[in-house]
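Data block below; observations after.
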Amino acid sequence: MLADKRILLIIGGGIAAFKSLDLIRRLRDEGASVTPVLTSAAEEFVTPLSASALAAQKVYRDLFDLTDEAEMGHIELSRAADLLVVAPATADLMAKMAHGHANDLASTLLMATDKPVLIAPAMNVRMWEHPATQRNLETLKSDNVLVVGPDNGNMACGEFGPGRMAEVPDIVRAVDAALSDGPLTGKHVIVTSGPTHEPIDPVRYIANRSSGAQGTALAAALRDLGARVSFVTGPATVPPPAGVDVIAVETAAQMAEAVGRAHPADAAIFAAAVADWRVENASRSKMKKDGSGKAPALEFAENEDILAGVSAMGAGRPGLVVGFAAETDDVVAHASAKRLRKGCDWIVANDVSPATGIMGGTENRIVLISDDGAEEWPRLPKDEVARRLARRIADAIGGA
Ligand code: CTP
């Protein structure tokens with residue numbers, strides 16, 4: 001799948017560097033050629049000899065190696081590749097990239113390149129969650145740097161949480177996506193997915209049964225056609241796809257804010273099951289029974305309608321805005337009215353009555369409603385619905 005692709009792999013100094021040796025092997029299995037670059041900190045974790053042996057290539061190590069400059073200067077090295085991959089991307093490397101430092105070979109290559117860059121962050125959970133790292137991440141994303149991971153899990157430092165480098169197969173998928181040349185290459189698509197959780201107090205919330213399966217499948221299908229996908233997801237039960245920019249949120253308000261920050265986009269697809277209401281008098285501390293037997297009275301406020309807001313944007317509105325409608329009766333009539341009410345271009349409607357087994361199931365039967373009328377699709381696996389929808393989106397906004 002990666003035949004003839006040239007990857008410059010910058011290995012940063014973290015314990016996850018050992019996985020990068022496996023990454024070299026997997027990328028080569030896919031047909032890519034890999035040129036490794038080791039930071040001096042990386043050499044504390046893996047040896048240049050092992051990287052070179054696995055890549056069957058010379059390893060680059062030091063900016064001021066004059067022999068290398070005579071053979072291939074750092075500018076040329078950074079541009080001879082189709083893609084630069086930074087794995088593991090340490091907090092320090094991310095900070096250097098975000099601030100434009102160029103004081104060693106790795107950071108200089110990253111500054112000098114005119115090619116896409118994909119980073120696989122890996123660091124201690126507190127370093128990942130530190131506001132400085134999160135600020136740097138935002139800066140890098142707005143510079144169009146692609147990000148895969150990090151994953152949640154047990155870390156070498158004994159802590160648990162986000163910070164573990166993405167698994168090698170996920171990084172390979174992200175590399176594939178970054179290099180795929182499909183009809184959506186160069187296009188940016190926002191996809192919302194999953195349910196939202198609306199807190200009642202710090203330990204309780206109101207939710208719905210959405211698994212996020214259809215939104216996830218759609219994000220993966222758009223990625224496969226070459227799109228850069230901003231995947232804004234509530235707490236879904238299915239994991240997000242690799243190779244998309246995952247923005248995890250909990251509440252409808254956070255989802256609205258994340259969507260707002262993800263613009264500009266060529267298309268926005270609203271597959272999330274957003275809670276219509278939030279608890280306005282949510283308690284800051286855990287609510288207790290007071291012994292009176294009286295139930296607490298929850299007061300609700302309506303959440304902002306994210307789909308309607310984006311549909312009504314003036315300048316900067318995505319070229320295509322797609323909503324979803326889960327209905328239990330008069331599907332086409334209700335969904336057609338919803339399309340007009342919300343101002344979106346298309347509505348993907350489905351019948352979620354329990355008898356259909358669609359909600360939480362693996363199949364879906366949709367009606368695509370647009371200016372051209374209502375088009376009924378056969379019952380299909382959710383992945384296939386996603387692939388067909390992605391192709392239709394590509395037809396609507398794609399290039400040639
Ligand atoms: N949606 C949204 N923001 C909200 C509510 C819904 O973006 N606050 C989006 C959903 O992602 C979906 C579409 O709007 O694409 C339809 O949502 P739905 O909840 O079915 O519509 P409602 O307006 O709530 O209509 P009703 O409750 O009458 O079915």
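Just so you know, residue 1 is the first one in the sequence shown, and it goes up from there.
A 6.0 Å sphere centred on CZ of R79 holds more than 12 heavy atoms belonging to other residues, nucleotides or ligands. No more than 12 heavy atoms of other residues, nucleotides or ligands shown are found within 6.0 angstrom of OH on Y205. Heavy-atom contacts from other residues, nucleotides or ligands closer than 6.0 Å to CZ of R126 number 12 or fewer. The environment of CD in E376 is sparse: at most 12 heavy-atom neighbours from other residues, nucleotides or ligands sit within 6.0 Å.
A distance of 8.5 Å separates OG in S33 from CG in D4, rounded to the nearest 0.5 Å. With rounding to the nearest 0.5 Å, the separation of CZ in R341 from CD1 in I347 is 8.5 Å. From D305, atom CG reaches atom OG of S311 across 8.0 Å, with rounding to the nearest 0.5 Å. Atoms CD and NZ, from E327 and K338 in turn, are 4.0 Å apart once rounded to the nearest 0.5 Å. The line from CZ of R278 to CG of L298 is 14.0 Å long, rounded to the nearest 0.5 Å. Note that the CE atom of M165 and the OG atom of S20 stand 4.0 Å from one another [nearest 0.5 Å].
Ion pair D345/R339 not flagged as a salt bridge, since none of the NZ, NE, NH1 or NH2 atoms sits closer than 4.0 Å to an Asp/Glu carboxylate oxygen. Salt-bridge formation is detected for the pair E384/R387: a Lys NZ or Arg NE/NH1/NH2 atom is positioned less than 4.0 Å from an Asp or Glu carboxylate oxygen. The existence of a salt bridge linking K115 and D82 is excluded, since no basic side-chain nitrogen approaches an acidic carboxylate oxygen closer than 4.0 Å. Between D245 and R228 there is no salt bridge, since no side-chain N of the basic residue sits under 4.0 Å from a carboxylate O of the acidic one. The residues E30 and R26 are annotated as not salt-bridged, no charged nitrogen and carboxylate oxygen being separated by less than 4.0 angstrom. We find that D395 and R392 are not joined by a salt bridge, their nearest charged nitrogen and carboxylate oxygen being 4.0 Å or further apart. D176 and K5 are not joined by a salt bridge, as no carboxylate oxygen comes within less than 4.0 angstrom of a charged side-chain nitrogen.
For H334 (side chain) and D329 (main-chain N/O), a donor-acceptor pair under 3.5 Å exists by modelled atom type. One N or O on the side chain of D201 and one on the backbone of V203 form a donor-acceptor pair closer than 3.5 Å. Using a distance-only test at 3.5 Å, with no hydrogens or angles considered, no donor-acceptor pair links the side chain of T39 to the main chain of G12. Listed for the N281 side chain is a donor-acceptor partner under 3.5 Å among the backbone atoms of E299. A distance-only check finds a donor-acceptor pair linking the side chain of N208 to the backbone of S210 [under 3.5 Å]. Checked by atom type and distance alone, the side chain of S142 pairs as donor or acceptor with a backbone atom of E138 at under 3.5 Å. Judged by distance alone, with hydrogens and angles left aside, the side-chain atoms of T251 form a donor-acceptor pair with the main-chain N or O of Q254 at under 3.5 Å. Formation of a donor-acceptor pair under 3.5 Å by the N152 side chain with backbone atoms of R164 is not found in this model. Here the side chain of R61 pairs no donor or acceptor atom with the backbone of L38 at under 3.5 angstrom. The closest donor-acceptor contact from the side chain of D266 to the backbone of H188 lies under 3.5 Å.
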Under the criterion side chain to side chain contact (heavy atoms under 4.5 Å, CB included), I'd like the reasoning laid out for L368 against L389: C-alpha separation, chi angles, the key distance, then a yes or no. CA-CA 9 Å; L368 181 61; L389 269 175; 4.3 Å; yes
Under the criterion side chain to side chain contact (heavy atoms under 4.5 Å, CB included), I'd like the reasoning laid out for W277 against N303: C-alpha separation, chi angles, the key distance, then a yes or no. CA-CA 5 Å; W277 306 92; N303 280 324; 5.5 Å; no
Determine, stepwise, if the pair I190 / H263 fulfils side chain to side chain contact (heavy atoms under 4.5 Å, CB included). CA-CA 8 Å; I190 300 171; H263 292 294; 3.9 Å; yes
Test side chain to side chain contact (heavy atoms under 4.5 Å, CB included) applied to K187 and L225, step by step: CA-CA 10 Å; K187 302 287 179 189; L225 296 185; over 6 Å; no
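Contact of the L84 side chain with the L118 side chain is not registered, since no non-hydrogen atoms from C-beta on lie closer than 4.5 Å. Between R204 and P199 the shortest side-chain heavy-atom distance does not fall below 4.5 Å. Residues W128 and P150 are in side-chain contact: their nearest non-hydrogen atoms beyond the backbone lie under 4.5 Å apart. Using a 4.5 Å cut-off on side-chain heavy atoms (C-beta onward), I7 and T35 make no contact. For the pair T192 and I269, the minimum side-chain heavy-atom distance is 4.5 Å or more. Between W346 and I369 the shortest side-chain heavy-atom distance does not fall below 4.5 Å.
Side chains of T133 and N136: no donor on one and acceptor on the other come within 3.5 Å. Between the side chains of D290 and S292, at least one donor N or O sits under 3.5 Å from an acceptor N or O. Side-chain contact check for T356 and S353: no donor-acceptor pair (N or O, by modelled atom type) lies under 3.5 Å.
G316 approaches M313 most closely through the heavy-atom pair O-CE, 3.3 Å. In this structure, A166 and D151 approach most closely via the heavy-atom pair CA-OD2, 3.6 Å. The two residues R223 and A177 have their closest heavy-atom pair at CG-CB, 3.4 Å. Pairing each heavy atom of L184 with each of A394, the nearest pair is CD2-CA, 3.7 Å. Of all the heavy atoms in P88 and I11, the pair that sits closest is CD-CG2, 4.0 Å. Of all heavy-atom pairs spanning T90 and G13, the tightest one is CG2-O, 3.5 Å.
Sequence neighbours left out, not one pair with a member in residues 9-19 passes side-chain hydrogen bond (donor to acceptor under 3.5 Å, both in side chains).
In terms of hydrophobic clustering, with Ile, Leu, Val, Met, Phe, Trp and Tyr side chains grouped at heavy-atom distances under 4.5 Å, V321 and I393 are assigned to different clusters. Under the 4.5 Å side-chain heavy-atom criterion for ILVMFWY residues, no single connected hydrophobic cluster contains both F231 and I247. In the hydrophobic clustering of ILVMFWY residues, with side-chain heavy atoms under 4.5 Å counting as a link, V274 and V322 come out apart. Grouping the Ile, Leu, Val, Met, Phe, Trp and Tyr side chains by contacts below 4.5 angstrom, directly or via other members, places L8 with V145. Hydrophobic cluster membership differs between M255 and V246, with clusters built from Ile, Leu, Val, Met, Phe, Trp and Tyr side chains linked at under 4.5 angstrom.
Looking at L54, V168, L27 one by one, the single match for side-chain contact (heavy atoms from CB on, under 4.5 Å) with D22 turns out to be V168. Of the listed residues (V348, L380, D351), just one forms a side-chain contact (heavy atoms from CB on, under 4.5 Å) with I366, and that residue is V348. Between V172 and the options D29, L23, V148, V85, a side-chain contact (heavy atoms from CB on, under 4.5 Å) holds for only L23.
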Run the side-chain donor-acceptor check on residues 214-222: report pairs under 3.5 Å with partners two or more places apart or on a different chain.
residue, atom, partner, partner atom, Å
Q214, OE1, N364, ND2, 3.1
Q214, NE2, K382, O, 3.1
T216, OG1, G212, O, 2.7

